[in-house]
Amino acid sequence: MAGFQDIVGHGQIIAHMQNAISAKRISHAYILDGQKGSGKSTLAEAFSMTLQCERGQVEPCMVCHSCKQALSKNHPDIIYVQHEKPNTVSVDDIRRQVNNDIGIKPYGSPYKIYVIEEAEKMNVQAQNALLKTIEEPPSYGVILLLTENSESFLPTILSRCITLRLKDVPDKDIKSYLMERCQIPDYQADMAVVFAQGSVGKAIQLAENEHFNEMKDSAIQLIKRLNDIDLHEMVSAVKQLEEYKLSARDYLDLFFVWYRDVLLYKATTDANDLIFKDQVYEIKKQAAKLSYGGIEAILLGIEKAKLRLLANVNFELAIELLLLTIKEPSEN
Ligand SMILES: [Zn+2]
């Protein structure tokens with residue numbers, strides 16, 4: 001948990017929230033719309049904590065009773081709405097935790113704040129129930145809807161909320177955050193940033209995953225030996241990688257970045273912009289051997305394998321098909 005000043009990126013949203021706080025013009029309902037790991041929860045926490053802080057500034061003081069309660073996620077007037085079924089926020093959840101509760105005045109804070117995470121999981125009945133509260137909220141009521149997809153909300157909900165869209169955080173900001181705040185070394189930070197694709201949460205998760213480097217090294221070893229080993233050996237090598245607690249998708253992302261490096265090197269013969277800088281010798285070799293068309297086919301094959309995995313095709317089969325694609329052009 002953090003104040004606004006500790007958040008990476010999202011300057012416009014923070015400015016909007018802080019202006020609203022200092023002008024004492026808080027809307028009763030906000031939508032925070034952004035991809036997984038983009039910082040919705042962190043923004044909601046900082047906003048809630050600041051609104052309730054006893055010092056009433058545009059940053060939470062972090063030391064008053066209210067801030068301490070918020071920091072320990074134990075604040076009676078900051079309510080995180082829970083849902084019983086994993087894939088649905090039901091009308092019961094909304095009635096019990098929001099509609100029937102919001103009439104009770106806050107314990108001692110200026111506001112009563114409801115945070116609904118994964119709000120796109122509200123079904124139509126739940127949204128209609130929530131609408132009643134959003135239409136006639138008590139003066140102290142604030143509802144924060146966190147979602148990856150605000151298009152799933154009814155127009156009547158959308159029209160009564162202020163929608164704040166999170167943008168991807170620029171790579172250079174994520175990188176300096178990882179290096180300065182998380183003490184991640186330069187090289188590893190580069191790698192995590194590429195994989196995170198604008199999501200600070202994912203970057204931190206990857207940079208701190210103790211298995212990430214092991215998996216990366218194994219993937220490199222496999223890529224290097226591709227032309228010497230048969231399919232059977234490849235599949236069992238890939239299976240071995242499953243023991244690392246990262247998803248198959250992360251593994252394919254490693255492949256993708258490798259071959260993007262090969263393509264980049266072939267086009268520029270410049271090693272400075274490579275992600276796998278420490279593998280320049282091998283990348284150079286592959287760039288010389290593969291044609292542009294061959295590299296493109298491999299990159300496409302990797303994307304295809306990702307789609308196959310999303311469609312629940314058997315992991316082994318998807319990797320097998322991919323490895324066939326990778327082997328093929330290099331044998332021409
Ligand atoms: Zn405080």
Side-chain angles (χ1 to χ4, degrees), residues 1-34 37-82 97-119 130 133-134 137-147 161-167 169 173-174 176-178 180-183 199-201 204-205 208:
M1 240 192 185
F4 289 119
Q5 62 194 6
D6 300 306
I7 294 174
V8 198
H10 308 309
Q12 286 177 350
I13 293 179
I14 292 171
H16 179 97
M17 288 174 167
Q18 290 186 318
N19 287 338
I21 291 167
S22 58
K24 294 204 172 20
R25 292 177 65 114
I26 310 300
S27 169
H28 288 293
Y30 292 88
I31 293 168
L32 289 172
D33 186 352
S38 57
K40 300 183 291 289
S41 301
T42 317
L43 282 164
E45 283 167 5
F47 190 39
S48 311
M49 190 155 55
T50 310
L51 283 173
Q52 305 290 40
C53 175
E54 290 164 19
R55 304 237 170 126
Q57 305 294 309
V58 295
E59 277 285 347
C61 75
M62 312 296 248
V63 293
C64 73
H65 185 59
S66 170
C67 282
K68 280 186 185 154
Q69 283 181 318
L71 283 167
S72 63
K73 284 229 172 196
N74 205 9
H75 197 296
D77 297 319
I78 302 175
I79 295 117
Y80 287 84
V81 175
Q82 310 292 322
Q97 298 173 64
V98 185
N99 293 6
N100 297 344
D101 184 73
I102 201 165
I104 305 164
K105 288 197 173 130
Y107 284 85
S109 320
Y111 298 96
K112 198 154 179 182
I113 302 167
Y114 296 83
V115 181
I116 306 179
E117 292 176 309
E118 302 180 300
L130 185 68
T133 292
I134 294 181
S139 58
Y140 50 79
V142 178
I143 292 165
L144 306 179
L145 300 171
L146 278 46
T147 183
C161 294
I162 291 186
T163 299
L164 302 170
R165 275 179 223 288
L166 282 74
K167 293 183 189 141
V169 178
D173 295 347
I174 302 183
S176 58
Y177 180 85
L178 290 175
E180 286 158 25
R181 304 284 183 85
C182 309
Q183 272 82 49
S199 154
V200 184
I204 294 171
Q205 199 193 350
E208 289 181 345

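Both ligands and their constituent atoms are indexed starting at 1 by order of listing.
The main-chain N or O of S38 is found under 3.5 Å from a side-chain atom of H10 such that the two form a donor-acceptor pair.
Between F4 and F47, the ring-plane angle classifies as tilted under the 30° and 60° cut-offs.
Under the 4.0 Å criterion applied to side-chain N and carboxylate O atoms, D77 and K112 are not assigned as salt-bridge partners.
Vertex the Zn ion (ligand 1), arms ending at SG of C64 and SG of C61: the angle is 110° after rounding to 10 degrees. Seen from the Zn ion (ligand 1), atom SG of C67 and atom SG of C53 lie 110° apart in angle, a value rounded to 10°.
Under the 3.5 Å distance criterion, with hydrogens and angles disregarded, a donor-acceptor pair is assigned to the side chains of D101 and Y114.
Counting backbone and side-chain atoms alike, H65 contributes no N/O/S atom closer than 2.8 Å to the Zn ion (ligand 1).
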